[in-house]
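See structure below.
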Amino acid sequence: MNKKLFVVSGSSGVGKGTVLKAFLSKNPDFMLSISCTTRSPREGEVDGVNYFFMTKDDFKDCIDKDKFLEWAEFAGNFYGTKRKFINKCLEEGKDIILEIDTQGALQVKTQMPEAVLIFICPPSLEDLEKRLRGRHTEDEETIRKRLNIVKEEIDRAKNFDYKIVNDDLQRAVSELEEIIAGEQG
Ligand code: ADP
Ligand code: 5GP
């Protein structure tokens, strides 16, 4: 069976969004899953486009009703992928990419062993911190919370199917294309 569900994960600021944006502009047939989150929208983020923004109560209600394929608490906020959205895409035969944290990625693998997990690594921890700070989207406390969990995230990477070092962006995008093409047969 061709594998249709790809999960891209990695520490905050490593460049997941940047790599995927470049990949999707060259491969428009892929669907990027839209997650739910309890964090506040950043400037320019649109509800239903970047995320479905939710209150903690609504998020907890979705957990209780088993609506999430996976969910995790990440640096003080909740994030989750709706089961219904993924099942609908797969039934329609769409290739789908999830950009989620490492805890969620491993939950997906448990439930759907055919899912392909791809971990994006930074060239170095210094580069990672520089990128996260250079994005200017988080306050200092949030940056620290995100940097504090980098080691455990890298540790979880041993359970992933592939790793890509995002040093040169174009090379990282090409590597992602090769992995996905290879998995699709
Ligand atoms: P993530 O989605 O993993 O949190 P982003 O895609 O938002 O990360 O990237 C974080 C920052 O790093 C952004 O400012 C982005 O422009 C920059 N960046 C991404 N990839 C590279 C790269 N290969 N080289 C240098 N900077 C990069
Ligand atoms: P950000 O707040 O920077 O948009 O995302 C923070 C982290 O949450 C990133 O690692 C991102 O991949 C992850 N994330 C986004 N959506 C989901 C999701 O649906 N589930 C899980 N587990 N993580 C998510």
Side-chain angles (χ1 to χ4, degrees), residues 5-25 31-54 59 62-63 67-86 89 96-112 115 117-139 141-150 152-154 156-157 160 163-176:
L5 187 74
F6 296 92
V7 179
V8 173
S9 199
S11 299
S12 184
V14 74
K16 301 178 296 297
T18 307
V19 170
L20 282 174
K21 194 171 168 205
F23 174 86
L24 291 167
S25 73
M31 288 281 303
L32 183 65
S33 166
I34 304 170
S35 296
C36 301
T37 184
T38 61
R39 84 150 162 75
S40 306
R42 293 179 187 140
E43 207 180 314
E45 283 186 330
V46 177
D47 186 43
V49 175
N50 304 94
Y51 278 108
F52 295 108
F53 295 99
M54 287 184 150
F59 197 96
C62 287
I63 296 174
K67 289 193 175 172
F68 291 122
L69 168 67
E70 63 74 34
W71 66 271
E73 186 173 0
F74 178 89
N77 286 298
F78 292 93
Y79 296 81
T81 307
K82 285 264 180 83
R83 208 183 280 287
K84 203 169 164 185
F85 182 79
I86 301 302
C89 290
I96 182 154
I97 303 183
L98 270 59
E99 194 250 271
I100 62 176
D101 94 310
T102 51
Q103 306 168 82
L106 297 181
Q107 291 175 39
V108 172
K109 191 76 171 178
T110 303
Q111 296 194 54
M112 304 171 86
L117 305 194
I118 302 162
F119 186 82
I120 313 270
C121 311
S124 69
L125 294 179
E126 290 73 26
D127 283 297
L128 177 69
E129 180 164 356
K130 220 184 280 172
R131 286 182 193 175
L132 183 55
R133 291 187 181 284
R135 196 170 64 188
H136 300 296
T137 49
E138 270 74 36
D139 60 24
E141 191 194 342
T142 309
I143 289 172
R144 282 182 190 282
K145 277 189 191 162
R146 290 178 177 223
L147 291 174
N148 277 342
I149 54 176
V150 168
E152 62 193 70
E153 292 177 314
I154 291 175
R156 285 190 198 107
F160 278 55
K163 294 184 191 72
I164 298 174
V165 179
N166 180 23
D167 41 12
D168 177 74
L169 179 62
Q170 292 317 317
R171 203 199 41 72
V173 174
S174 301
E175 235 178 272
L176 180 62

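Atoms within each ligand, like the ligands themselves, are counted from 1 in listed order. What you see below is based on every heavy atom in this structure, not just the backbone, and it leaves out hydrogens, waters and symmetry mates. No experiment lies behind these values; they were computed from the predicted model shown.
The nearest non-hydrogen atom to atom 26 (N) of ligand 1, considering only R171, R131, R135, comes from R131.
Contact annotation for K82 and ligand 2: no heavy atom of the residue comes within less than 4.0 Å of the ligand. Using a 4.0 Å cut-off between heavy atoms, D167 contacts ligand 1 through its backbone alone, with no side-chain atom that close. Counting heavy atoms closer than 4.0 Å to ligand 2, residue E73 contributes nothing at all. Of the heavy atoms in E70, only side-chain atoms (C-beta onward) come closer than 4.0 Å to ligand 2.
Atom 23 (N) of ligand 2 has D101 N, 2.9 Å as its closest protein atom, hydrogens excluded (heavy atom only). Atom 4 (O) of ligand 2 has Y51 OH, 2.6 Å as its closest protein atom, hydrogens excluded (heavy atom only). Protein heavy atom closest to atom 12 (O) of ligand 2, with residue, atom name and distance, is E99 OE2, 2.6 Å. For atom 16 (N) of ligand 2, the nearest non-hydrogen atom of the protein is S35 OG, 3.0 Å. The protein heavy atom nearest to atom 16 (O) of ligand 1 is T18 OG1, 4.1 Å.
Side-chain atoms of I100 and Q107, non-hydrogen and from C-beta on, never get closer than 4.5 Å to each other. For the pair I97/F23, a side-chain contact is recorded, criterion being any heavy-atom separation below 4.5 Å from C-beta on. At least one side-chain heavy atom of M54 sits less than 4.5 Å from a side-chain heavy atom of C62. In this structure the side chain of S11 never reaches within 4.5 angstrom of the side chain of R131, judged on heavy atoms. Between T18 and L169, some side-chain heavy-atom pair lies under the 4.5 Å cut-off. Side-chain contact check for L20 versus L176: some heavy-atom pair is nearer than 4.5 Å. Within the 4.5 Å cutoff, the side chain of Y51 has heavy atoms near those of the R39 side chain.
Proximity of Q103 to ligand 2 is not established, as no heavy-atom distance is less than 4.0 Å. Heavy-atom distances between R146 and ligand 2 reach below 4.0 Å in at least one pair. Ligand 1 lies out of reach of G134, whose nearest heavy atom is not under 4.0 Å from it.
By the 30° and 60° cut-offs, the orientation of the rings of F78 relative to W71 is tilted.
Taking a cut-off of under 4.0 Å to the non-hydrogen atoms of R39, the atoms of ligand 2 that pass are 1 (P), 2 (O), 4 (O). Atoms of ligand 2 found under 4.0 Å from any heavy atom of G104, numbered from 1 in the order shown, are 22 (N). The distance from ligand 2 to the heavy atoms of A72 drops below 4.0 Å at these ligand atoms: 22 (N). Below 4.0 Å from some heavy atom of R42 lie the following atoms of ligand 2, by number and element: 1 (P), 2 (O), 3 (O), 4 (O).
Backbone and side-chain nitrogen or oxygen atoms of Y79 are examined, and one is located within less than 3.5 angstrom of a nitrogen or oxygen of ligand 2. Ligand 1 has a nitrogen or oxygen under 3.5 angstrom from a nitrogen or oxygen of G17.
Around CZ of R42, the count of heavy atoms belonging to other residues, nucleotides or ligands within 6.0 Å exceeds 12.
The minimum heavy-atom distance between I34 and G48, with the atom names listed, is CD1-O, 3.3 Å. T102 and S9 make their closest contact through N-OG, 3.2 Å (heavy atoms, listed as atom of the first residue, atom of the second, distance).
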Requested in this report: Please lay out, stage by stage, how Q103 and R156 fare under the test side chain to side chain contact (heavy atoms under 4.5 Å, CB included).
Outcome: CA-CA 8 Å; Q103 306 168 82; R156 285 190 198 107; 3.6 Å; yes
